[in-house]
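Structure first, commentary second.
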There are 4 protein chains.
Amino acid sequence: MDRRLTARGLERRRQLMDYSARLFARNGYDPTSVAEIVDGMNVGKGVFYWYFESKEALLLEILADSQRSLRRLQQSYIENEADPVRRIELGIRATMDWVGQNRHLWGLFRFAASEERFAPYLRRGQQTAVSDVVRHINEAITQGRVRQTDPSVLAHAILGVTNQLSGTFLVEQDGRPSEVADAAVDFCLDGLLGARLPV
Amino acid sequence: MDRRLTARGLERRRQLMDYSARLFARNGYDPTSVAEIVDGMNVGKGVFYWYFESKEALLLEILADSQRSLRRLQQSYIENEADPVRRIELGIRATMDWVGQNRHLWGLFRFAASEERFAPYLRRGQQTAVSDVVRHINEAITQGRVRQTDPSVLAHAILGVTNQLSGTFLVEQDGRPSEVADAAVDFCLDGLLGARLPV
Amino acid sequence: MDRRLTARGLERRRQLMDYSARLFARNGYDPTSVAEIVDGMNVGKGVFYWYFESKEALLLEILADSQRSLRRLQQSYIENEADPVRRIELGIRATMDWVGQNRHLWGLFRFAASEERFAPYLRRGQQTAVSDVVRHINEAITQGRVRQTDPSVLAHAILGVTNQLSGTFLVEQDGRPSEVADAAVDFCLDGLLGARLPV
Amino acid sequence: MDRRLTARGLERRRQLMDYSARLFARNGYDPTSVAEIVDGMNVGKGVFYWYFESKEALLLEILADSQRSLRRLQQSYIENEADPVRRIELGIRATMDWVGQNRHLWGLFRFAASEERFAPYLRRGQQTAVSDVVRHINEAITQGRVRQTDPSVLAHAILGVTNQLSGTFLVEQDGRPSEVADAAVDFCLDGLLGARLPV
DNA sequence: TATGAATGAGTATTCATTCAT
DNA sequence: GATGAATGAATACTCATTCAT
């Protein structure tokens, strides 16, 4: 591997990744055969193995790629924001927007997270996300705006809310990211019982 | 199918389900072969097909079984509790206790939820859970204790928190159900910013 | 693997080994596909893998089997013979007789000997053969009937003669084992120039 | 094919043959892919097919080349030698020297000899070698120095000894050609029992 | 001359399922 | 009820060869 690819080659590669990701997401990774992929793209079987070492390597690249792009979006939303609570909120909004534009990858992530052979590769991205949030929470605690609790628990709770609401209302029910984000932010900040006065 | 099974037969059947569930959870459903299952149990292949119509049917039964037992536990925790907020809390605690005792099924549920061919069977259980919670929330709203919001969004958020925290702190980090439940309940009721006075 | 085989199973296994050996010998190991083997036997592809772990494992078993049977024949010829030179002669005759009855295995052995991946498995048998002969030679040297020379060199030379003559005159030219053996024995004992008086 | 090659082209061609021969010898002909060859030489795939019609044609050329060079060496050793027995001896010495300098080709010859698709191409060279030796033997018989026996049998026996000793002691054990040649010559001339008086 | 891209038949192997005993 | 044997379509992957540039 480690081929020197021409511009045309790079494009092919990207097409393969996109198309595969869609098939994986729709039919599942294991049930999707390499034959299906190359047939669907009207290319020979060798093309696949010219660009990827294996079906597994392809999935891993799709996942890594996606995690990178999500993280980039989150950081672009957050930069220059001083208020830690607001940073958390913006992170949630970035995530919702990203999911909104990559709905088809949702199932793929769930699958990868559920299988021992792929979960490890997701774990790193997950940990990065958690520690990002933990940093904001710690700052907020210092400022006395969040009660003293294990920040990593809070971070995971926020992730749980974001995941669940995006899965249900964006992917399944095709909702609008900004509205789902509103709901997620509200819940994360105030819980069920919270009743902040309107500003 | 629909065999009249002797007591010994029923026992066999149960053993097969338990053992398969463990293999599925550890190595994934697709990668686990029927041969592995029957070899591991030291029986012939015929045995498997005597008790189950197919590998897929087996997984479905495992899932249905698990969902039933989880629901039963939740209801036993809740019955006779008049306070709707308290019922939500008890539901969370029941879930955590169940996960604590069925850790190995966790990954199986995630997998099934991620694949189009199995997700539908989970959807029903999920919907039941959601509408249970929605009922409590509506009651709480009527009592003026929860702000006016789409209750199904709140219900999903609660499920998200419960899922994420149980996955991370019970299954991955092998924590104690009651403590994880405490954290989940706190977050769900008060969010990040809430600061109820201790009772 | 390590199956419990019924009598019928054992027979199938043997048939597969015989048939494969013939195909390997005729067309070469690599060029012979598992498909060819099972098609030629009119069985499903699974049958092959029910009895053998892999194509490679099958070849190894064929080789081990053959080496065992050759050695057994050699020992049966030699036992009870006191004269070491005569024992060498009988070893040569045993080998020729064995080759005469297993002509089809000849090419298989040459192939295996020529490939790094199989040669090691042959080496052991080859070494056994050499040390057998070395033992006889040492005895003959002690008796003053063979000149002082590195016995392992002599042993290899004898093997070389036996191999070459059996390959050329038994396998290629379909000659009679006893006559080829006569020639091999003569050459090994007297070389080109030797001129023992007829006894 | 049959290209008009520039000097640089001829050099490329030679490099390809050398490199391929080494790979074939080390890993086997079938298991070595054209991709491996061109990758290892850092050239594109087209280069290979520019210089050779096919992988098979390449092997055949390597073999033909080698046989030619061996024969040339043998003839250069023998020319001007009047004594037929001495000519046989010099032929053996030439062979050992050649093998000593082309150790890596040894396995390749064994492989080619073992496969029906290549053996025919070797057969011709083998026959040439045999009839060379047969000519010397016949002369020696005429002179009464070798007993009346089928000369082709004797020739094959000599080849067998030479092959086996060179394979074992030159290629496997990395010995010195002149010493191995001494041993081969001794055995061929006198066999096990011969005891010529030292000259 | 040379390259990267593409082809597609072919390979070993797996596996859910069925069947004769 | 249970077993070992058998099926055969399907799978991931390879590779000699060709081609457009």
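Each chain gets a letter, A, B and so on, in the order its sequence line appears, and its residues count up from 1. All values below come from the heavy atoms of this structure, side chains included, with hydrogens, waters and symmetry mates left out. Bear in mind the structure is a predicted one, so any value in this text is a computation, not a measurement.
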task = Give the rounded distance in Å between these two atoms: NZ of A:K55 and P of F:dT14.
result = 15 Å
query = Going through the checks in order, is the side-chain contact (heavy atoms from CB on, under 4.5 Å) test met by B:F52 and B:M17?
reply = CA-CA 10 Å; B:F52 304 99; B:M17 284 177 70; 3.6 Å; yes
ask   = Can any side-chain N or O of A:R3 pair as donor or acceptor with the backbone N or O of A:W50 at less than 3.5 Å?
value = yes
task = Measure the spacing between OH of D:Y29 and OG of C:S114 and express it to the nearest 0.5 Å.
result = 13.5 Å
request  = Please say whether more than 12 non-hydrogen atoms of neighbouring residues, nucleotides or ligands are located less than 6.0 Å from CZ in A:R124.
outcome  = no
inquiry  = Listing request: all salt bridge (charged side-chain N to carboxylate O under 4.0 Å, His left out) pairs with a residue in residues 23-45 of chain A, at least two apart in sequence or in separate chains.
reply    = A:D30-A:R117
OP1 or OP2 of E:dT1 under 4.0 Å from side-chain N/O of D:T6 = yes
ask   = Do D:L63 and D:L105 touch side chain to side chain, with heavy atoms closer than 4.5 Å?
value = no
message = In whole Å, measure the gap between the P atoms of E:dT1 and F:dT21 for me.
response = 23 Å
task = Using Watson-Crick or G-U wobble pairs with both distances under 3.5 Å, give me DNA chain E in dot-bracket, 5' to 3', with [ ] for crossers and | for pairs to another strand.
result = .||||||||||||||||||||
ask   = D:F24 versus D:L58: any side-chain heavy-atom pair under 4.5 Å?
value = yes
task = Classify the nucleic acid contact of B:G9 as base, sugar-phosphate or nothing, counting any heavy atom under 4.0 Å across all strands shown.
result = sugar-phosphate
message = Applying salt bridge (charged side-chain N to carboxylate O under 4.0 Å, His left out) as the test, list every pair that has at least one member in residues 54-70 of chain C; sequence neighbours left out.
response = C:R13-C:E61, C:R14-C:D65, C:D65-C:R68
ask   = Do B:E115 and B:R110 meet the salt-bridge criterion of a basic N to acidic O distance under 4.0 Å?
value = no
key: Separation of E:dT14 P from C:F52 CZ (nearest whole Å)   = 15 Å
Nearest-nucleotide comparison on DNA chain F, the residue closer to the 5′ end among C:R4 and C:G44 = C:R4
ask   = Parallel, tilted or perpendicular: which fits the ring planes of D:F111 and D:F118, with parallel below 30° and perpendicular above 60°?
value = tilted
ask   = Just how far is it from atom CG of C:L108 to atom CZ of C:R22, taken to the nearest 0.5 Å?
value = 11.5 Å
request  = For B:Y121, look at atom OH and say whether over 12 heavy atoms of other residues, nucleotides or ligands are found less than 6.0 Å away.
outcome  = no
Test side-chain contact (heavy atoms from CB on, under 4.5 Å) applied to D:L16 and D:M41, step by step = CA-CA 8 Å; D:L16 275 165; D:M41 290 200 58; 3.5 Å; yes
remark   = Comparing nearest nucleotides in DNA chain E, the 5'-proximal residue of the pair D:V47, B:F48 is D:V47
key: Residues from residues 11-42 of chain B lying under 4.0 Å of DNA chain E - heavy atoms   = B:T32, B:S33, B:V34
inquiry  = Out of the candidates B:L122, B:L70, B:V99, B:N102, only one should pair with B:F109 under the side chain to side chain contact (heavy atoms under 4.5 Å, CB included) rule; please name it.
reply    = B:L122
ask   = Would one find a side-chain N or O of B:W50 under 4.0 angstrom from OP1 or OP2 of F:dA2?
value = no
note = Taken to the nearest whole Å, CD/B:E56 to P/E:dA16 is 12 Å
message = Which residues in residues 109-117 of chain A have a heavy atom closer than 4.0 Å to any atom of DNA chain F?
response = none
Shorter than 3.5 Å, N or O on both sides, protein versus nucleotides 18-21 of chain E: list them out with atom names.
none

